[in-house]
Amino acid sequence: MHSKEIIELNNHLREELTEENKKLYENMIIYIRTTSNKSEQQTEEVLLEILEHFVQAQKDGKTASEIFGNNIKEYCDEIIHEIPGEKRNKNIKFGLFIGIQYLALISFIFGVTSFGINYFFDLGSNVLTFSVGSGLVVIGCYLLLLYLLVKIIFKMIQKTTFLNIKKWVEFLLTWLFLTAYITLFYFIPKLIPSFGTTLSIPIIALGVIGGVLYLGTIVVDRKLRFTK
Amino acid sequence: MEMSLRSQLLKGILEGCILAIINQQTVYGYELSVKLQQFGLTDVSEGSIYPILLRLQKEKLIEGTLKESPSGPKRKYYHLTKEGQEALKEFIIQWDSVKIPVDNILEKGGN
(Lines give C-alpha, C1' and ligand atoms only; values in the text may rest on other atoms or scores of the structure.)
Protein backbone atom coordinates (compact mmCIF):
# COMPACT_ATOMS: atom_id res chain seq x y z
CA MET A 1 0.00 0.00 0.00
CA HIS A 2 1.27 3.45 -0.87
CA SER A 3 1.62 6.01 1.93
CA LYS A 4 -1.23 8.13 0.47
CA GLU A 5 -3.63 5.20 0.75
CA ILE A 6 -2.49 4.55 4.31
CA ILE A 7 -3.12 8.21 5.18
CA GLU A 8 -6.64 7.91 3.78
CA LEU A 9 -7.26 4.77 5.79
CA ASN A 10 -5.95 6.60 8.84
CA ASN A 11 -8.29 9.58 8.31
CA HIS A 12 -11.20 7.18 8.09
CA LEU A 13 -10.36 4.99 11.06
CA ARG A 14 -9.59 7.98 13.30
CA GLU A 15 -13.30 8.78 13.42
CA GLU A 16 -13.81 5.75 15.65
CA LEU A 17 -11.90 7.39 18.49
CA THR A 18 -13.66 9.43 21.17
CA GLU A 19 -13.24 13.21 20.94
CA GLU A 20 -10.58 13.28 23.65
CA ASN A 21 -8.60 10.36 22.24
CA LYS A 22 -8.87 11.71 18.73
CA LYS A 23 -7.40 15.03 19.79
CA LEU A 24 -4.53 13.29 21.53
CA TYR A 25 -3.86 11.02 18.58
CA GLU A 26 -3.95 13.93 16.14
CA ASN A 27 -1.33 15.72 18.21
CA MET A 28 0.82 12.63 17.95
CA ILE A 29 0.36 12.56 14.18
CA ILE A 30 1.29 16.22 13.80
CA TYR A 31 4.34 15.84 15.98
CA ILE A 32 5.60 12.68 14.30
CA ARG A 33 4.87 13.77 10.73
CA THR A 34 6.60 17.12 11.08
CA THR A 35 9.81 15.37 12.01
CA SER A 36 10.40 15.32 8.34
CA ASN A 37 13.63 13.43 7.87
CA LYS A 38 12.06 10.02 8.24
CA SER A 39 10.66 7.66 5.62
CA GLU A 40 7.06 8.64 4.88
CA GLN A 41 6.04 5.08 4.08
CA GLN A 42 7.42 3.71 7.36
CA THR A 43 6.03 6.66 9.31
CA GLU A 44 2.50 6.18 7.97
CA GLU A 45 2.63 2.43 8.49
CA VAL A 46 3.49 2.80 12.16
CA LEU A 47 0.98 5.65 12.65
CA LEU A 48 -1.79 3.43 11.29
CA GLU A 49 -0.63 0.52 13.41
CA ILE A 50 -0.74 2.66 16.54
CA LEU A 51 -4.17 3.99 15.57
CA GLU A 52 -5.53 0.46 15.09
CA HIS A 53 -4.16 -0.43 18.49
CA PHE A 54 -5.70 2.68 20.01
CA VAL A 55 -9.14 1.99 18.51
CA GLN A 56 -9.15 -1.60 19.69
CA ALA A 57 -7.84 -0.70 23.14
CA GLN A 58 -10.54 1.97 23.43
CA LYS A 59 -13.16 -0.68 22.68
CA ASP A 60 -11.64 -2.79 25.47
CA GLY A 61 -12.07 0.14 27.86
CA LYS A 62 -8.41 1.14 28.18
CA THR A 63 -7.20 4.70 28.64
CA ALA A 64 -4.61 6.53 26.56
CA SER A 65 -2.08 6.58 29.37
CA GLU A 66 -2.34 2.81 29.76
CA ILE A 67 -1.30 2.52 26.15
CA PHE A 68 1.25 5.29 25.67
CA GLY A 69 2.46 5.93 29.21
CA ASN A 70 2.23 9.30 30.89
CA ASN A 71 4.58 11.24 28.66
CA ILE A 72 3.18 11.26 25.15
CA LYS A 73 5.94 13.45 23.75
CA GLU A 74 8.60 11.10 25.03
CA TYR A 75 6.73 8.18 23.54
CA CYS A 76 6.59 9.91 20.15
CA ASP A 77 10.31 10.71 20.36
CA GLU A 78 10.99 7.04 20.93
CA ILE A 79 8.94 6.08 17.88
CA ILE A 80 10.63 8.73 15.73
CA HIS A 81 14.01 7.55 16.91
CA GLU A 82 13.27 4.03 15.69
CA ILE A 83 11.67 4.80 12.34
CA PRO A 84 14.18 3.97 9.62
CA GLY A 85 15.74 7.18 8.32
CA GLU A 86 14.82 8.32 4.85
CA LYS A 87 17.57 8.32 2.28
CA ARG A 88 18.73 11.94 2.10
CA ASN A 89 18.60 11.62 -1.64
CA LYS A 90 14.83 11.71 -1.67
CA ASN A 91 14.73 14.73 0.62
CA ILE A 92 17.05 16.67 -1.65
CA LYS A 93 15.03 15.74 -4.72
CA PHE A 94 11.84 16.75 -2.95
CA GLY A 95 13.39 20.04 -1.85
CA LEU A 96 14.64 20.76 -5.35
CA PHE A 97 11.19 20.01 -6.74
CA ILE A 98 9.44 22.33 -4.29
CA GLY A 99 12.07 25.04 -4.92
CA ILE A 100 11.57 24.95 -8.68
CA GLN A 101 7.79 24.91 -8.37
CA TYR A 102 7.94 27.86 -5.98
CA LEU A 103 10.17 29.93 -8.28
CA ALA A 104 7.97 29.05 -11.27
CA LEU A 105 4.87 30.22 -9.40
CA ILE A 106 6.53 33.49 -8.37
CA SER A 107 7.65 34.24 -11.95
CA PHE A 108 4.23 33.34 -13.30
CA ILE A 109 2.31 35.56 -10.87
CA PHE A 110 4.80 38.43 -11.09
CA GLY A 111 5.03 38.24 -14.92
CA VAL A 112 1.30 38.01 -15.55
CA THR A 113 0.19 40.69 -13.05
CA SER A 114 2.91 43.12 -14.16
CA PHE A 115 1.94 42.56 -17.75
CA GLY A 116 -1.73 43.02 -16.95
CA ILE A 117 -1.14 46.22 -14.99
CA ASN A 118 0.98 47.62 -17.80
CA TYR A 119 -1.41 46.54 -20.54
CA PHE A 120 -4.65 47.67 -18.98
CA PHE A 121 -3.58 50.62 -16.83
CA ASP A 122 -0.41 51.69 -18.60
CA LEU A 123 1.52 51.50 -15.31
CA GLY A 124 5.07 50.23 -14.87
CA SER A 125 7.01 48.78 -17.74
CA ASN A 126 6.33 45.90 -20.08
CA VAL A 127 10.02 45.06 -20.11
CA LEU A 128 11.91 43.61 -17.15
CA THR A 129 15.48 44.81 -16.93
CA PHE A 130 17.75 43.05 -14.48
CA SER A 131 21.39 42.14 -14.05
CA VAL A 132 22.18 38.45 -14.23
CA GLY A 133 24.43 38.40 -11.14
CA SER A 134 22.02 40.03 -8.74
CA GLY A 135 19.13 38.13 -10.31
CA LEU A 136 20.77 34.86 -9.35
CA VAL A 137 21.50 36.13 -5.84
CA VAL A 138 17.86 37.13 -5.43
CA ILE A 139 16.73 33.67 -6.54
CA GLY A 140 19.15 32.13 -4.05
CA CYS A 141 17.81 34.36 -1.27
CA TYR A 142 14.22 33.48 -2.13
CA LEU A 143 15.00 29.78 -1.92
CA LEU A 144 16.77 30.27 1.39
CA LEU A 145 13.83 32.28 2.67
CA LEU A 146 11.38 29.52 1.74
CA TYR A 147 13.63 26.94 3.38
CA LEU A 148 13.83 28.99 6.59
CA LEU A 149 10.09 29.62 6.70
CA VAL A 150 9.32 25.91 6.33
CA LYS A 151 11.95 24.98 8.93
CA ILE A 152 10.70 27.54 11.44
CA ILE A 153 7.06 26.57 11.05
CA PHE A 154 7.91 22.86 11.42
CA LYS A 155 10.01 23.57 14.51
CA MET A 156 7.21 25.67 15.95
CA ILE A 157 4.68 22.89 15.41
CA GLN A 158 7.01 20.34 16.99
CA LYS A 159 7.69 22.51 20.02
CA THR A 160 4.11 23.53 20.71
CA THR A 161 2.06 20.41 19.86
CA PHE A 162 1.92 19.05 23.38
CA LEU A 163 1.98 22.36 25.21
CA ASN A 164 -1.69 23.34 24.86
CA ILE A 165 -0.76 26.79 23.56
CA LYS A 166 -3.66 29.20 23.18
CA LYS A 167 -5.03 29.61 19.68
CA TRP A 168 -4.37 33.35 19.58
CA VAL A 169 -0.70 32.90 20.50
CA GLU A 170 -0.33 30.41 17.66
CA PHE A 171 -2.08 32.82 15.33
CA LEU A 172 0.11 35.73 16.41
CA LEU A 173 3.31 33.73 15.88
CA THR A 174 2.22 32.56 12.44
CA TRP A 175 1.24 36.10 11.53
CA LEU A 176 4.62 37.39 12.71
CA PHE A 177 6.59 34.88 10.65
CA LEU A 178 4.51 35.51 7.55
CA THR A 179 4.91 39.29 7.90
CA ALA A 180 8.67 38.92 8.28
CA TYR A 181 8.66 36.63 5.27
CA ILE A 182 6.70 39.04 3.06
CA THR A 183 8.81 42.01 4.18
CA LEU A 184 12.05 40.23 3.35
CA PHE A 185 10.55 38.98 0.11
CA TYR A 186 9.79 42.56 -0.89
CA PHE A 187 13.06 44.15 0.21
CA ILE A 188 15.62 41.56 -0.92
CA PRO A 189 15.60 42.61 -4.61
CA LYS A 190 15.85 46.28 -3.58
CA LEU A 191 18.79 45.70 -1.23
CA ILE A 192 20.98 43.69 -3.56
CA PRO A 193 23.20 45.92 -5.73
CA SER A 194 23.13 45.11 -9.42
CA PHE A 195 26.15 43.47 -10.92
CA GLY A 196 26.81 41.26 -13.94
CA THR A 197 25.48 41.65 -17.46
CA THR A 198 22.19 43.46 -17.80
CA LEU A 199 19.37 41.72 -19.61
CA SER A 200 16.00 42.96 -20.78
CA ILE A 201 13.11 40.61 -21.45
CA PRO A 202 9.44 41.34 -22.09
CA ILE A 203 7.67 40.92 -18.78
CA ILE A 204 5.05 38.60 -20.25
CA ALA A 205 7.90 36.22 -21.20
CA LEU A 206 8.66 35.84 -17.50
CA GLY A 207 5.02 34.93 -16.88
CA VAL A 208 5.01 32.43 -19.74
CA ILE A 209 8.28 30.82 -18.64
CA GLY A 210 6.96 30.57 -15.08
CA GLY A 211 3.64 29.11 -16.27
CA VAL A 212 5.27 26.52 -18.54
CA LEU A 213 7.74 25.56 -15.82
CA TYR A 214 4.90 25.21 -13.32
CA LEU A 215 2.89 22.97 -15.65
CA GLY A 216 6.09 21.03 -16.26
CA THR A 217 6.53 20.38 -12.54
CA ILE A 218 2.94 19.13 -12.30
CA VAL A 219 3.54 16.65 -15.13
CA VAL A 220 6.81 15.50 -13.57
CA ASP A 221 5.05 15.14 -10.22
CA ARG A 222 2.35 12.94 -11.76
CA LYS A 223 5.03 10.67 -13.21
CA LEU A 224 7.44 10.55 -10.29
CA ARG A 225 5.02 11.21 -7.41
CA PHE A 226 7.12 13.69 -5.47
CA THR A 227 4.16 14.87 -3.46
CA LYS A 228 1.87 11.83 -3.74
CA MET B 1 19.38 8.85 24.27
CA GLU B 2 20.38 8.22 27.87
CA MET B 3 18.64 5.27 29.42
CA SER B 4 18.55 3.95 32.94
CA LEU B 5 19.88 0.46 33.60
CA ARG B 6 16.42 -0.65 34.61
CA SER B 7 14.83 0.38 31.33
CA GLN B 8 17.72 -1.03 29.32
CA LEU B 9 17.37 -4.36 31.08
CA LEU B 10 13.64 -4.33 30.60
CA LYS B 11 13.97 -3.49 26.93
CA GLY B 12 16.37 -6.33 26.27
CA ILE B 13 14.10 -8.79 28.04
CA LEU B 14 11.00 -7.44 26.32
CA GLU B 15 12.73 -7.81 22.95
CA GLY B 16 13.48 -11.43 23.70
CA CYS B 17 9.91 -12.12 24.81
CA ILE B 18 8.53 -10.48 21.67
CA LEU B 19 10.79 -12.62 19.48
CA ALA B 20 9.63 -15.71 21.35
CA ILE B 21 5.94 -14.90 20.90
CA ILE B 22 6.32 -14.06 17.22
CA ASN B 23 8.24 -17.30 16.78
CA GLN B 24 5.22 -19.28 17.98
CA GLN B 25 2.81 -17.63 15.57
CA THR B 26 2.52 -14.53 13.37
CA VAL B 27 0.82 -11.77 15.31
CA TYR B 28 -0.23 -8.15 14.82
CA GLY B 29 0.55 -5.37 17.27
CA TYR B 30 -2.54 -5.44 19.45
CA GLU B 31 -2.55 -9.23 19.62
CA LEU B 32 1.08 -9.15 20.71
CA SER B 33 0.41 -6.69 23.52
CA VAL B 34 -2.52 -8.76 24.78
CA LYS B 35 -0.35 -11.88 24.83
CA LEU B 36 2.41 -10.10 26.75
CA GLN B 37 -0.15 -9.01 29.32
CA GLN B 38 -1.66 -12.47 29.57
CA PHE B 39 1.81 -13.74 30.44
CA GLY B 40 1.83 -11.21 33.27
CA LEU B 41 3.97 -8.41 31.85
CA THR B 42 1.44 -5.82 32.95
CA ASP B 43 4.03 -3.31 34.10
CA VAL B 44 4.89 -2.40 30.53
CA SER B 45 2.69 0.16 28.79
CA GLU B 46 1.19 -1.44 25.70
CA GLY B 47 2.49 1.13 23.27
CA SER B 48 6.09 0.41 24.12
CA ILE B 49 6.03 -2.60 21.83
CA TYR B 50 5.95 -0.36 18.74
CA PRO B 51 9.39 1.24 19.09
CA ILE B 52 10.69 -2.28 19.71
CA LEU B 53 8.91 -3.71 16.68
CA LEU B 54 10.42 -0.92 14.57
CA ARG B 55 13.89 -1.65 15.88
CA LEU B 56 13.54 -5.40 15.32
CA GLN B 57 12.49 -4.68 11.74
CA LYS B 58 15.46 -2.37 11.23
CA GLU B 59 17.72 -5.12 12.50
CA LYS B 60 15.94 -7.51 10.11
CA LEU B 61 15.01 -9.89 12.91
CA ILE B 62 11.31 -9.68 12.06
CA GLU B 63 9.31 -8.74 8.99
CA GLY B 64 5.86 -7.25 8.82
CA THR B 65 3.36 -7.84 6.02
CA LEU B 66 0.03 -6.13 5.56
CA LYS B 67 -2.70 -8.74 5.37
CA GLU B 68 -6.47 -8.74 5.54
CA SER B 69 -7.52 -9.77 9.00
CA PRO B 70 -10.49 -12.10 9.61
CA SER B 71 -12.45 -9.15 11.03
CA GLY B 72 -11.87 -6.93 8.00
CA PRO B 73 -9.21 -4.22 8.24
CA LYS B 74 -5.71 -4.72 6.88
CA ARG B 75 -3.21 -5.38 9.61
CA LYS B 76 0.52 -5.71 9.81
CA TYR B 77 1.39 -9.27 10.78
CA TYR B 78 4.89 -10.04 11.98
CA HIS B 79 6.99 -13.13 11.50
CA LEU B 80 10.56 -14.04 12.41
CA THR B 81 13.34 -14.02 9.83
CA LYS B 82 16.25 -16.49 9.87
CA GLU B 83 18.32 -13.87 11.69
CA GLY B 84 15.45 -13.44 14.11
CA GLN B 85 15.45 -17.14 14.94
CA GLU B 86 19.19 -16.97 15.53
CA ALA B 87 18.74 -13.93 17.77
CA LEU B 88 16.02 -15.74 19.74
CA LYS B 89 18.32 -18.74 20.31
CA GLU B 90 21.03 -16.35 21.45
CA PHE B 91 18.60 -14.65 23.83
CA ILE B 92 17.52 -17.96 25.35
CA ILE B 93 21.15 -18.94 25.97
CA GLN B 94 21.94 -15.60 27.55
CA TRP B 95 18.78 -15.60 29.62
CA ASP B 96 19.52 -19.08 30.97
CA SER B 97 23.06 -18.04 31.87
CA VAL B 98 21.72 -15.12 33.91
CA LYS B 99 18.45 -16.42 35.31
CA ILE B 100 19.75 -19.19 37.58
CA PRO B 101 22.70 -17.26 39.09
CA VAL B 102 20.50 -14.22 39.71
CA ASP B 103 17.80 -16.37 41.34
CA ASN B 104 20.44 -17.97 43.55
CA ILE B 105 21.94 -14.63 44.55
CA LEU B 106 18.57 -13.14 45.34
CA GLU B 107 17.57 -16.16 47.43
CA LYS B 108 20.78 -15.97 49.44
CA GLY B 109 20.49 -12.22 49.77
CA GLY B 110 16.95 -12.63 51.03
CA ASN B 111 18.05 -14.81 53.92
Side-chain angles (χ1 to χ4, degrees), chain A residues 1-3 5-16 21 24-25 28-29 32 35 38-39 41-86, chain B residues 1-4 6-8 10-12 14-15 18-19 21-22 26-38 40-79 81:
Chain A
M1 247 196 302
H2 205 271
S3 49
E5 293 168 73
I6 301 178
I7 291 171
E8 228 157 84
L9 224 72
N10 188 317
N11 294 342
H12 211 72
L13 187 61
R14 214 183 309 153
E15 296 305 316
E16 291 187 27
N21 285 344
L24 185 134
Y25 178 72
M28 290 173 77
I29 286 192
I32 292 176
T35 308
K38 297 291 187 168
S39 152
Q41 181 73 27
Q42 296 280 351
T43 307
E44 292 307 325
E45 272 182 25
V46 73
L47 280 176
L48 183 66
E49 208 175 8
I50 290 173
L51 174 60
E52 269 169 357
H53 189 119
F54 203 0
V55 168
Q56 195 148 8
Q58 182 184 277
K59 273 183 202 148
D60 292 350
K62 290 173 195 158
T63 64
S65 63
E66 277 176 81
I67 305 165
F68 304 114
N70 289 320
N71 191 334
I72 301 277
K73 184 173 177 294
E74 204 173 273
Y75 179 73
C76 291
D77 284 333
E78 228 177 302
I79 292 279
I80 291 164
H81 182 70
E82 297 297 348
I83 296 172
E86 179 133 290
Chain B
M1 228 178 277
E2 200 55 44
M3 262 194 295
S4 67
R6 187 188 127 83
S7 72
Q8 264 186 34
L10 212 71
K11 270 207 173 130
L14 201 54
E15 259 184 51
I18 288 173
L19 286 177
I21 289 174
I22 297 177
T26 59
V27 286
Y28 62 94
Y30 191 77
E31 211 179 356
L32 176 64
S33 80
V34 170
K35 277 189 192 290
L36 284 170
Q37 295 201 324
Q38 281 170 351
L41 277 177
T42 44
D43 201 21
V44 194
S45 68
E46 293 180 13
S48 58
I49 61 169
Y50 292 101
I52 295 174
L53 286 173
L54 282 169
R55 180 148 22 100
L56 294 175
Q57 284 175 89
K58 259 203 292 202
E59 289 167 2
K60 305 217 180 331
L61 302 183
I62 59 171
E63 268 168 15
T65 34
L66 279 170
K67 269 188 260 175
E68 304 277 344
S69 63
S71 62
K74 278 199 174 175
R75 286 202 179 109
K76 203 167 177 182
Y77 285 88
Y78 293 98
H79 62 267
T81 63

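All values derive from a computational prediction rather than experimental measurement. A note on names: the letters A, B, ... follow the listed sequences, proteins ahead of strands, and every chain is numbered from 1. Only this structure's heavy atoms are used, side chains among them; waters, hydrogens and symmetry mates stay out.
- Here B/Y50 contributes atom OH and A/I83 contributes atom CD1; the two are 14.0 Å apart, rounded to the nearest 0.5 Å.
- A distance of 8.0 Å separates CD1 in B/I52 from CD in A/E78, rounded to the nearest 0.5 Å.
- Interface residues of residues 57-65 of chain A toward chain B, defined by a heavy-atom distance below 4.5 Å and sorted by number: A/A57, A/D60, A/K62.
- For B/E59, the CD atom sits in a packed shell: over 12 heavy atoms of surrounding residues, nucleotides or ligands are nearer than 6.0 Å.
- Checked by atom type and distance alone, the side chain of A/Y75 pairs as donor or acceptor with a backbone atom of B/G47 at under 3.5 Å.
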One pair to check against side chain to side chain contact (heavy atoms under 4.5 Å, CB included): B/Y28 and A/E52. What are the steps and the verdict? CA-CA 10 Å; B/Y28 62 94; A/E52 269 169 357; over 6 Å; no

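- No more than 12 heavy atoms of other residues, nucleotides or ligands lie within 6.0 Å of CD in A/E8, so this atom counts as exposed by the packing criterion.
- Between B/K58 and A/H81, the closest heavy-atom pair is NZ-O, 3.6 Å.
- Interface remark: of the candidates B/P51, B/G29, B/G64, B/S45, B/P51 forms the most heavy-atom pairs closer than 4.5 Å to chain A.
- Going from atom CG of B/L66 over to atom CG of A/L48 covers 8.0 Å, rounded to the nearest 0.5 Å.
- Closest of all the heavy-atom pairs between A/E49 and B/L53 is OE2-CD1, 4.4 Å.
- From B/E46, atom CD reaches atom CD of A/Q56 across 10.0 Å, with rounding to the nearest 0.5 Å.
- Taken from OG in B/S48 to CD1 in A/I67, the straight-line distance is 11.5 Å, to the nearest 0.5 Å.
- Rounding to the nearest 0.5 angstrom, the gap separating the CD1 atom in A/I80 from the CG atom in B/L54 is 11.0 Å.
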